[in-house]
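The analysis underlying the following values was restricted to heavy atoms, covering all of them including side chains, and did not include hydrogens, waters or symmetry mates. None of these values were measured; they are calculated from a predicted model.
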Amino acid sequence: MIDVIVVGGGPTGLTLACELRLHGVHVVVLERLTEPTGQSRGRGLHARSVELMDQRGLLDRFLAVSEKFQAGGLFGGIVKPWPDRLDTAHPYGLATPQPVTERLLEERARELGAEIRRGCEVTGLSQADEGDGVTVELADGTHLRSRYVVGCDGGRSTVRKRLGVGFPGEPATVETLLGDMEVTEDPATVAAVVEEVRRTQLRFGAIPDVDGHEGVYRIIVPAEGVSEDRATAPTLDEFTRRLRAVAGTDFGAHSPRWLSRFGDATRQAERYRVGRVLLAGDAAHIHPPTGGQGLNLGVQDAFNLGWKLAAAVAGWAPEGLLDSYHTERHPVGARVLDNTRAQITLLGTDPGATALRELFSKLMDFEEVNRYVTGMITAVEVRYDFGEGHELLGRRLRDVKLKRGCLYELMHGGRGLLLDRTGRLSVAGWADRVDHVVDVSEELDVPAVLLRPDGHVAWAGEDQEELLGRLPRWFGAAAA
């Protein structure tokens, strides 16, 4: 029997596969497509996702093929200077095309021993009443058995539908066309038209030399209405007609690389777990792409889930650990849905939306507001509710400097970590799951912190008895 079947080979599924393989879990990724599409819907990694890649030793690979960017706020079309004192050692995002992100994550997953099967479409699944596994049915009639299944198969998730999990929210009210194509118009004219149109219509734009291809533009333009089937891509004729209607010119657009449409539908799964089946990424939540949060939210779901699911497979997961995935990530997803709803309102063209955008822009000139909004979009301000305790409790820890090296260098293996400035603490009994480091600098301004494998602070203090009381909650019973 397979330990975990991951349905969907996008960034979420591949991140999860990497996390599971760090702990020796037998994981099989089932991807419906026979080859990557090459479509770059997700355009990069925000600061928290950059931190995650650093925590697993992958950041250098991304830096080699990406450009750094800093855009404070990046909210509802309002761009401000990057705020000072954002709580991260990586105060930037990475402009990484989604196909590149997927390639790097797939390479790492395969290096770690994950099995990735393409051309495998999941059409059904069933859980045994006794809860001893899940059967997955493929389009060719074959069946696979696994201990757990995770649906990372997008907004139209087959896994979610077969589970019967509710997906409440709001249907699309506006629709936008998006695509990469060549144009015959000269770049200066394109830039001038974009500048003029965006004075009143922020859902319009044309980015030159997309993904390094000279003469290829990423163009976005409002659709005429909301189509009944957004799974059907627009034609080039539909695209150019909308360009002429909105901008007065179609730029001589031709030779599209790919075309798509998206709406502002906002929905979230009622439950992220049903027995031995879980949901992550777009299978668990969909929202408008404003702020570029979708890919990042999915990757961060996988980072939260991976070590917990591995613990369940290994048999040491304490009661409630796997359920904490829903408890922690569902509220995070809900907050992203809310901020994208707000952004869609700000992107409107009516007088009320224009007035609101002007007011919000002035508010973001205040450093504290800018820092708050940037922290929200980049997810560095995410804090899980671990109950009462130290102000760091539930927060992720930035990449603090140690006496030798930096914190994230110690997290590549995906284990728990006790940073101990006192030198008096012990994790005896949990040494197979938690590393103990005493070579800590004063940049860590508390005596000691216990970090989960995802980098969030599970405990802070200096009392050994308190530490012993906290360890079992996240790392199970002590070894005999």
Handout entry: Spacing of OG1 belonging to Thr15 relative to CG belonging to Leu105, to within rounding of 0.5 Å
Key = 4.5 Å
Handout entry: Note: Asp338-Arg335 ion pair, threshold 4.0 Å (strictly below)
Key = no
Practice task
Give a yes-or-no answer on whether the side chains of Asp323 and Thr327 include a donor-acceptor pair shorter than 3.5 Å.
Solution key: no
Exercise for the section: Check whether any side-chain heavy atom of His287 lies under 4.5 Å from a side-chain heavy atom of Ile344, and answer yes or no. Expected result: no
Problem - Distance, nearest 0.5 Å, that separates CZ of Arg21 from CG of Asp3 - result: 9.0 Å
Exercise for the section: Let me see the working for Leu259 and Leu177 under side-chain contact (heavy atoms from CB on, under 4.5 Å), right down to the final yes or no. Expected result: CA-CA 7 Å; Leu259 302 172; Leu177 307 183; over 6 Å; no
Problem - Exam field: side chain Asn339 to backbone Ile377, donor-acceptor pair closer than 3.5 Å - result: no
Problem - Side-chain ion pair, Glu238 and Arg241, N-O less than 4.0 Å - result: no
Fill in the blank from the handout: Closest non-hydrogen atoms of Glu328 and Trp474, given as atom of the first, atom of the second and distance, are OE2-CH2, 3.6 Å
Practice task
Identify whether the distance between the nearest side-chain nitrogen and carboxylate oxygen of Lys80 and Asp365 falls below 4.0 Å.
Solution key: yes
Handout entry: Flag, side chain of His46 to backbone of Gly93, donor-acceptor distance under 3.5 Å
Key = no
Exercise for the section: Please name the pair of heavy atoms, one in Val369 and one in Leu363, separated by the smallest distance, quoted to 0.1 Å. Expected result: CB-O, 3.4 Å
Practice task
Dump the intermediate steps for side-chain contact (heavy atoms from CB on, under 4.5 Å) on Leu451 and Val457, then the final yes or no.
Solution key: CA-CA 5 Å; Leu451 300 180; Val457 176; 3.7 Å; yes
Exercise for the section: Would you check if there is a donor-acceptor pair between the side chains of Glu51 and Gln55 at a distance under 3.5 Å? Expected result: no
Exercise for the section: Could you walk me through whether Gln300 and Asn304 pass the side chain to side chain donor-acceptor pair (under 3.5 Å) test, one step at a time? Expected result: CA-CA 6 Å; Gln300 291 156 25; Asn304 181 285; over 6 Å; no
Completion exercise
Here the pair of heavy atoms bringing Gly306 nearest to Leu20 is O-CD2, 3.5 Å
Practice task
Please work out whether the ring planes of His90 and Tyr92 are parallel, tilted or perpendicular, with thresholds of 30° and 60°.
Solution key: perpendicular
Problem - Heavy-atom donor-acceptor pair, Arg257 side chain to Arg218 backbone, under 3.5 Å - result: no
Handout entry: Derivation of the side-chain contact (heavy atoms from CB on, under 4.5 Å) call for Leu305 and Leu322
Key = CA-CA 8 Å; Leu305 175 60; Leu322 201 51; 4.0 Å; yes
Problem - Glu367 and Arg85 ion-paired at < 4.0 Å - result: no
Practice task
Kindly compute the distance separating CH2 (Trp82) from OG1 (Thr378), expressed to the nearest 0.5 Å.
Solution key: 5.5 Å
Problem - Arg267 side chain vs Ile286 backbone, donor-acceptor pair below 3.5 Å - result: no
Completion exercise
Correct closest heavy-atom pair for Val165 and Ala269 would be CG1-CB, 4.0 Å
Exercise for the section: On the 0 to 90° scale, with breaks at 30° and 60°, tag the Tyr272-Tyr325 ring pair as parallel, tilted or perpendicular. Expected result: tilted
Exercise for the section: Answer yes when Lys362 and Glu358 have at least one side-chain N-carboxylate O distance shorter than 4.0 Å, and no when they do not. Expected result: no
Exercise for the section: Answer yes or no: is there an ion pair linking Arg398 with Asp54, defined by an N-O contact shorter than 4.0 Å? Expected result: no
Exercise for the section: State plainly whether the residues Glu175 and Arg242 are in salt-bridge range, i.e. N to O under 4.0 Å. Expected result: no
Handout entry: Any donor-acceptor pair under 3.5 Å from Arg61 side chain to Leu63 backbone
Key = no
Handout entry: Heavy-atom donor-acceptor pair, Asp180 side chain to Val216 backbone, under 3.5 Å
Key = no
Practice task
Could you grab the distance from atom SG of Cys120 to atom CZ of Arg32, nearest 0.5 Å is fine?
Solution key: 12.0 Å
Problem - Minimal non-hydrogen separation, Ser227 against Arg261, with atom names - result: OG-CD, 3.4 Å
Practice task
Please determine if Glu381 and Arg48 form a salt bridge, counting it only when a charged side-chain N lies under 4.0 Å from a carboxylate O.
Solution key: no
Exercise for the section: Check for a donor-acceptor pair, side chain of Asn296 on one end and backbone N or O of Ser49 on the other, with a separation under 3.5 Å. Expected result: no
Handout entry: Salt bridge present between Glu107 and Arg110 (N-O < 4.0 angstrom)
Key = no
Practice task
Show your reasoning for whether side chain to side chain donor-acceptor pair (under 3.5 Å) applies to Thr266 and Arg341.
Solution key: CA-CA 8 Å; Thr266 306; Arg341 289 184 180 105; 4.5 Å; no
Completion exercise
Closest non-hydrogen atoms of Gln127 and Val274, given as atom of the first, atom of the second and distance, are NE2-O, 2.9 Å
